[in-house]
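Written out below as structure tokens is the structure these notes cover.
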Amino acid sequence: MPQHQIVLESPWKRIRLVPPSASDDEAVAQCRIHPITRQYLRFLPEEMTAEEARIRREVRAEDKRLVDLHIHYIRKDGTTQFAGLSGYFNIDDNHSSCEAGVIITFDLHGQGLATEVLYVLLQYIFDEKKFHRVTFETGADNRPMQSWLAKVAGARLEAERREAWRLLDGTFVDVKGYAILEQEWRDHVKGRLEERLNSSPISEIHT
């Protein structure tokens, strides 16, 4: 199956979500193995080559249960740089649900890009794809992400799964699950994210 052609533009013009491509393979590998990325995602590999990223990209393009998107940061001069990974997966058409995620490259942390990516992604999932429910999972030790999901995104904690993720060393960690329903997106989450992105100078937004 060929790679999808979905391109999502941000109203704030700082990011664009685009289909995975070969030109990003090296950047994807470096993003996935970086210590900051792996701090709370310790099941990610410690080493990865561009060739391995290519194979992963091509295999995942064949999987109808997921849609991978690459985050491109748009600089003030109009040029772009790879800024991370996003998308939605565990797609269940029968129950109109999916899981979503975002990883921002370490050099662009603290600029509010995750909030902007989440807004663009959720707008597509709920307003265009008409999903009923989106879930997010994060390690129980990842307090910053839990706070962001609850306070910034307005997601509701609904699950605490014991020893759900296996780490590279064979040990397990607990996972917390959050969810946003389509009605919640329309009633308060969408407006909440728009207010945050509109009310603060972009350079001062922190997730």
Side-chain angles (χ1 to χ4, degrees), residues 1-8 10 15-22 24-25 27-29 31-34 37-38 40-45 48 52-72 82-105 113-140 142 145-146 148-149 153 155-161 164-168 172-182 184-185 189:
M1 186 176 77
Q3 182 59 258
H4 68 77
Q5 297 301 311
I6 300 167
V7 175
L8 305 179
S10 164
I15 59 97
R16 182 182 296 121
L17 303 186
V18 301
S21 66
D24 288 338
D25 286 345
V28 168
C31 177
R32 283 171 57 81
I33 67 175
H34 196 278
T37 303
R38 296 188 68 257
Y40 297 113
L41 298 172
R42 297 189 301 280
F43 53 80
L44 291 180
M48 188 178 199
E52 290 170 330
R54 178 192 67 79
I55 293 171
R56 178 179 183 274
R57 169 174 53 81
E58 293 179 353
V59 169
R60 290 173 68 86
E62 299 288 337
D63 191 340
K64 296 181 179 180
R65 298 168 301 172
L66 61 86
V67 175
D68 282 337
L69 292 160
H70 286 181
I71 306 164
H72 282 186
F82 177 82
L85 307 165
S86 189
Y88 57 102
F89 46 99
N90 292 334
I91 295 171
D92 187 334
D93 290 324
N94 186 47
H95 296 293
S96 189
S97 68
C98 66
E99 185 177 344
V102 56
I103 296 175
I104 302 296
T105 55
L113 294 187
T115 303
E116 193 168 341
V117 170
L118 180 64
Y119 177 90
V120 173
L121 182 63
L122 289 180
Q123 184 176 51
Y124 179 75
I125 290 172
F126 284 122
D127 296 347
E128 294 193 41
K129 299 300 291 182
K130 307 299 183 183
F131 277 88
H132 174 68
R133 165 186 168 87
V134 177
T135 62
F136 306 84
E137 288 200 339
T138 186
N142 191 346
M145 187 63 177
Q146 293 167 38
W148 181 69
L149 284 167
R156 175 171 45 87
L157 176 65
E158 65 173 21
E160 297 186 61
R161 301 195 292 128
W165 285 352
R166 182 198 289 268
L167 307 185
L168 296 184
F172 292 84
V173 295
D174 297 347
V175 171
K176 293 193 175 185
Y178 293 77
I180 296 174
L181 302 180
E182 57 179 330
E184 294 170 334
W185 165 252
V189 175

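L41 approaches T37 most closely through the heavy-atom pair CB-O, 3.6 Å. Considering all non-hydrogen atoms of both residues, Q146 and Y178 come closest at CB-OH, 3.3 Å. L168 approaches P45 most closely through the heavy-atom pair CD1-CA, 4.2 Å. What you find for I33 and R38 is that their closest heavy atoms are O-CD, 3.6 Å. Contact between I6 and L69 at its shortest, heavy atoms only, is O-CD2, 4.0 Å. The shortest heavy-atom contact between A179 and E184 is O-OE1, 4.1 Å.
At a threshold of 4.0 Å, the pair R56-E52 does not count as salt-bridged, since none of the basic side-chain nitrogens sits closer than that to a carboxylate oxygen. Classification of E158 and R133 as a salt-bridged pair holds, one side-chain N sitting under 4.0 Å from a carboxylate O. Of the charged side-chain nitrogens involved, at least one lies within less than 4.0 Å of a carboxylate oxygen, so that D25 and R57 count as a salt-bridged pair.
Note: F126 and W185 have parallel aromatic rings, judged against thresholds of 30 and 60 degrees for the angle between ring planes.
Results of the side chain to side chain contact (heavy atoms under 4.5 Å, CB included) test with S96 over K129, K130, E182, H132 single out H132 as the only residue that passes. Of the candidates I71, V18, V28, V28 is the only one forming a side chain to side chain contact (heavy atoms under 4.5 Å, CB included) with F82. Of the candidates Q123, R16, E116, E116 is the only one forming a side chain to side chain donor-acceptor pair (under 3.5 Å) with S10.
Going from atom CD1 of I91 over to atom CD of E99 covers 11.0 Å, rounded to the nearest 0.5 Å. Note that the CZ atom of F136 and the CG atom of L122 stand 4.5 Å from one another [nearest 0.5 Å]. Taken to the nearest 0.5 Å, the CG atom of L8 stands 7.0 Å off from the CD atom of E128.
No more than 12 heavy-atom neighbours from other residues, nucleotides or ligands sit within 6.0 angstrom of CZ on R65.
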